[in-house]
Amino acid sequence: MTMPMNLAIVLAPSHFTAAVLFALFTSVVFAITQRSGVQQQVRYGLYCFGLFVGGVFVAGWLMLLLRR
């Protein structure tokens, strides 16, 4: 049994997954470009990531409350 050659993998992340991936990549870029030491970069990256993900939860709750 042979597999067709035009088989494609389609990724369809949820909105939350997309937001977390955006937060991850953006936090890495912010950390690298804004801080010079490795320890400072890690701390700042985690700080930015936490703010991004926290913002997603706050925005989600606000949208839920506004919808009602």
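Numbers here are sequence positions counted from 1. Values below: every heavy atom of this structure, side chains too, minus hydrogens, waters and symmetry copies.
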- Message: Do Phe30 and Tyr47 sit in one hydrophobic cluster, given that two such residues count as connected whenever their side-chain heavy atoms are within less than 4.5 Å of each other, even indirectly?
- Response: yes

- Query: If every non-hydrogen atom of Gln41 is compared with every non-hydrogen atom of Ser36, which pair is closest and at what distance?
  - Reply: NE2-O, 3.7 Å

- Can you name the nearest heavy-atom pair linking Cys48 to Ser27, along with the distance? C-OG, 3.4 Å

- Note on the structure: Interatomic distance, CZ@Phe16 vs CG@Leu21, rounded to 0.5 Å, equals 10.0 Å

- Query: Relative to the ring of Phe22, is the ring of Phe52 parallel (under 30°), tilted (30 to 60°) or perpendicular (over 60°)?
  - Reply: perpendicular

- Task: Establish whether Leu24 and Phe57 are linked, either directly or via other cluster members, by ILVMFWY side-chain heavy-atom contacts under 4.5 Å.
- Result: yes

- Can you list the steps and then say if Phe49 with Val28 is a side chain to side chain contact (heavy atoms under 4.5 Å, CB included)? CA-CA 8 Å; Phe49 182 76; Val28 168; over 6 Å; no

- Nearest-0.5 Å distance that lies between atom CG in Leu46 and atom CG in Leu51: 11.0 Å

- Query: For Pro13 and Ala18, which heavy atoms make the closest approach, and how far apart are they?
  - Reply: CB-N, 4.4 Å

